[in-house]
Structure formats: structure tokens, C-alpha cells
Peer 1: 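First the structure, then my questions, so here it is.
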Amino acid sequence: MVSYVIPNLANACRILSLVSESEQGLSLTELEQRLSVPRTTTFRILQTLCQQQLLEKQGKRYQVGASLFKMSFNLVSSSKLSRQALPYLQKLALSTGMTAQLSLPHAEGALIIEVCDSPNPLRIAARPGTIAHFNCSAAGKVFLAFLHFDALLLLAEQGLFKSMTAQSLAEPDELKLELQRILGRGYATDDQEYHQDVRCLAAPIRDERGAVVAAITVTAPSSIFARNQFADVAQKVKKAAIDIGLTVYRPQLAANQK
């Protein structure tokens, strides 16, 4: 049977695990002994991990680095956000009759982390773990407008803008006009731009500093979600986004408002 394991990558993972479990950190000698790997190989892996800031060297000992701390923080934060946002997603799905989704910014678009299905039998929605394109998804356009407005040309050069339907906006100039409208009204729409006969609307979720950290979206077939409903639905979605932001990032203020 063919093995697809990369030995030094596996050793790097073992090093990260060992160091993260040690309060005082571990030395090169200690890691070499625990791994039963040649000293030069262990040293090279450690140098690479330090260069990527996954580890850092304090004297003769290696400890968890800034990048690994950030990964851990992001994992805990997204789990907390998903858990505390779920009641608001459920309420939004019931009040709109549409599927509600929670998304996080991702290097290639919007990463869906939570979905609450529509109570209606006719429902459409991507599942958790899906990455929706920046330019033709409502959540993706929220992140473009509020986080990447000045990087449209760079993202276009990286091939991140996709034409999924005839309605998709894939050119930076036309996207810029759309993003200006999003910034002005505080929400984004996907008007059959990702899938034909499907409409979506998304609003940004902000943390305690006012920075956009997530987006909440409703999705429904165009036969159910007409354009003339955008304004009314947007008010419900924006209210849910504000409530989630307060509950997760400013709980004291949220408690005082109840």
C-alpha cells in the first residue's frame, strides 16, 4: 500500500504538539530525544517553524509562537461566535422563511460556518465548510466592501472573481460601484449571481472595535424572495447582525439593553 505521509511534515506536527503541551517549552536536545530524529533534521524543522512564527526560541527552549497562538484564538473565537449566533440564525430563519447562514472572512471568499435551514419545504443553501466566491455571493461582497475595498485589482489578478451566472459581477470597475452601494446601505445582495433563480442578502457583524469579523446571510429561491422584499428583509438581517455582535463581543451592553 502506498503511503502518502511526508515524514518531515509529520515530524513538524509532532514537534508542535510536544511544544504546545510543555509549559516551559522544550530544547533541541529534548525534542531530538523524544522524536528519535537526527539532530540536524530536528534543527531544520525548528528553524522553519520559527520562521513561520509557529514557534519561537526563548534562550535554549522553543515555545509556542505568535502564529500558533493566533490560530488557536481564531478557532476558539469562531466556535464561540457560531454557538452564540445560532439562536439569532434560528429566529431569522423563522421570521423570514429563508435559510440563514453565518460566514467568516477567508482568503478566497466567505467561509460558511453555520447554517439554519428555512422552515419552508423549498429551501436552498450551501453547507458549513463551503467557501463562497467574493464577487458573486452576498457574504463575499460584504467582506469585499468592508475589508478589501482597496484590493480589488489585486484580488482580480489572483483570479478570485468568478462568473457563475450571467448576472455575476467579475470586473473590478463594476464591482467597485456595487461595493460603494453596499457601504452606503449597510448590506449586500446576490441577485441570481451565484446560482440562477436564487437570491441572498447579507449584513456585516462587527466586534467591539467596530471591525467587520463575520456576516449573516439569508438565502431563498427567487420565486420566494423577490427584489421588492430586499428593504424589509435587510432590516431583519441587519438587526440580527447587530444583536449577534453585541451578544458575542459586547455582552455587557447587550445585557443592559434587555
Side-chain angles (χ1 to χ4, degrees), residues 89 92 96 98-115 118 122-206 210-242:
L89 291 175
L92 185 62
T96 61
M98 304 176 191
T99 294
Q101 300 169 322
L102 181 68
S103 301
L104 296 177
H106 184 275
E108 297 181 2
L111 172 63
I112 299 172
I113 64 169
E114 191 66 69
V115 176
S118 162
L122 184 59
R123 61 182 68 149
I124 299 174
R127 309 321 297 172
T130 301
I131 299 173
H133 300 311
F134 274 125
N135 62 300
C136 50
S137 69
K141 287 197 279 186
V142 163
F143 297 140
L144 274 185
F146 291 95
L147 300 177
H148 305 296
F149 186 86
D150 295 324
L152 291 183
L153 289 177
L154 178 61
L155 294 175
E157 290 172 359
Q158 293 174 352
L160 294 179
F161 298 156
K162 311 293 183 180
S163 293
M164 302 297 289
T165 72
Q167 287 75 36
S168 301
L169 303 177
E171 295 300 323
D173 288 343
E174 59 184 359
L175 263 176
K176 186 174 183 179
L177 293 175
E178 172 74 351
L179 300 184
Q180 288 172 337
R181 289 190 286 268
I182 293 168
L183 291 171
R185 67 194 179 202
Y187 68 90
T189 60
D190 157 12
D191 191 358
Q192 305 183 76
E193 298 163 47
Y194 210 103
H195 295 291
Q196 198 66 42
D197 302 322
V198 177
R199 291 193 175 102
C200 308
L201 189 149
I205 296 171
R206 300 177 183 273
V212 172
V213 293
I216 184 170
T217 305
V218 290
T219 301
S222 57
S223 59
I224 294 174
F225 191 8
R227 290 192 187 95
N228 59 17
Q229 295 177 271
F230 281 171
D232 289 340
V233 172
Q235 293 306 311
K236 295 179 180 180
V237 176
K238 289 166 71 174
K239 175 66 165 54
I242 291 171

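These numbers come from a predicted model, not from an experiment.
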Peer 1: Between NZ of Lys141 and CZ of Phe146, what distance do you get to the nearest 0.5 Å?
Peer 2: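 The distance works out to 12.5 Å.
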Peer 1: Please confirm whether the backbone N or O of Gln192 pairs with a side-chain atom of Thr165, one donor and one acceptor, at under 3.5 Å?
Peer 2: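 A pair under 3.5 Å: yes.
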Peer 1: Please report the closest heavy-atom contact between Leu183 and Ala145, naming both atoms and the distance.
Peer 2: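 The answer is CD2-O, 3.5 Å.
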Peer 1: Can you find a heavy atom in the side chain of Val233 that is under 4.5 Å from one in the side chain of Met98?
Peer 2: yes
Peer 1: I need the Leu152 CG to Phe161 CZ distance, nearest 0.5 Å.
Peer 2: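 Between atom CG of Leu152 and atom CZ of Phe161 there are 5.0 Å.
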Peer 1: Output the distance between atom CZ (Phe149) and atom CD (Gln180), rounded to the nearest 0.5 Å.
Peer 2: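 Those atoms lie 4.5 Å apart.
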Peer 1: If you round to the nearest 0.5 Å, how far is CD1 of Ile242 from CD1 of Ile216?
Peer 2: 11.0 Å
Peer 1: What is the distance from atom NE2 of His133 to atom CD1 of Ile131, rounded to the nearest 0.5 Å?
Peer 2: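 These two atoms lie 9.5 Å from each other.
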Peer 1: To the nearest 0.5 angstrom, please state how far the CD1 atom of Ile182 sits from the CG atom of Leu177.
Peer 2: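 Answer for the CD1-CG pair, Ile182 versus Leu177, is 11.0 Å.
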Peer 1: Where is the tightest heavy-atom contact between Leu147 and Val212, given as atom of each residue plus distance?
Peer 2: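 Looks like CD2-O, 3.6 Å.
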Peer 1: Just so I know, are the side chains of Tyr194 and Thr219 near enough to count as touching, which here means a heavy-atom distance under 4.5 Å?
Peer 2: no
Peer 1: Are more than 12 heavy atoms, taken from residues, nucleotides or ligands other than Lys176, located less than 6.0 Å from that residue's NZ atom?
Peer 2: no
Peer 1: Looking at Gly109 and Phe143, what are the two nearest heavy atoms and their distance?
Peer 2: O-CD1, 4.1 Å
Peer 1: Does any part of the side chain of Leu144, heavy atoms only, come nearer than 4.5 Å to the side chain of Leu155, both counted from C-beta?
Peer 2: yes
Peer 1: Measure the shortest side-chain to side-chain distance between Ser103 and Ile112 over non-hydrogen atoms and say whether it is less than 4.5 angstrom.
Peer 2: yes
Peer 1: Looking at side-chain heavy atoms only, is the closest gap between Ser222 and Asp197 below 4.5 Å?
Peer 2: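 Of all side-chain heavy-atom pairs linking Asp197 with Ser222, at least one is under 4.5 Å.
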Peer 1: Locate the shortest heavy-atom distance separating Ala234 from Leu201; write the atom from each residue and the value.
Peer 2: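 Ala234 and Leu201 have their closest heavy atoms at CA-CD2, 3.7 Å.
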Peer 1: Can you find a heavy atom in the side chain of Thr189 that is under 4.5 Å from one in the side chain of Glu178?
Peer 2: yes
Peer 1: Which heavy-atom pair separates Asp190 from Glu193 by the least distance, and what is that distance?
Peer 2: OD1-N, 2.7 Å
Peer 1: So, Glu174 side chain and Ala170 main chain: donor-acceptor pair closer than 3.5 Å or not?
Peer 2: yes
Peer 1: With side chain to side chain contact (heavy atoms under 4.5 Å, CB included) as the test, pick out the partner of Val115 among Thr217, Thr99, Leu102.
Peer 2: Thr99
Peer 1: Using the salt bridge (Lys or Arg N to Asp or Glu O under 4.0 Å) rule, take Arg227 and Asp191 through it: C-alpha gap first, then chi angles, then the decisive distance, then the call.
Peer 2: CA-CA 8 Å; Arg227 290 192 187 95; Asp191 191 358; 2.5 Å; yes
Peer 1: Hey, are the side chains of Leu175 and Phe134 touching, using non-hydrogen atoms and a 4.5 Å cut-off?
Peer 2: no
Peer 1: Which heavy atom of Ala138 sits nearest a heavy atom of Ala188, and at what distance?
Peer 2: O-CB, 3.4 Å
Peer 1: Answer whether the closest heavy-atom distance between the side chains of Gln167 and Gln196 falls below 4.5 Å.
Peer 2: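 With C-beta onward as the side chain, the pair touches.
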Peer 1: Please check if the side chain of Lys236 supplies one atom and the backbone of Leu92 the other of a donor-acceptor pair under 3.5 Å.
Peer 2: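 Looks like no, no N/O pair under 3.5 Å.
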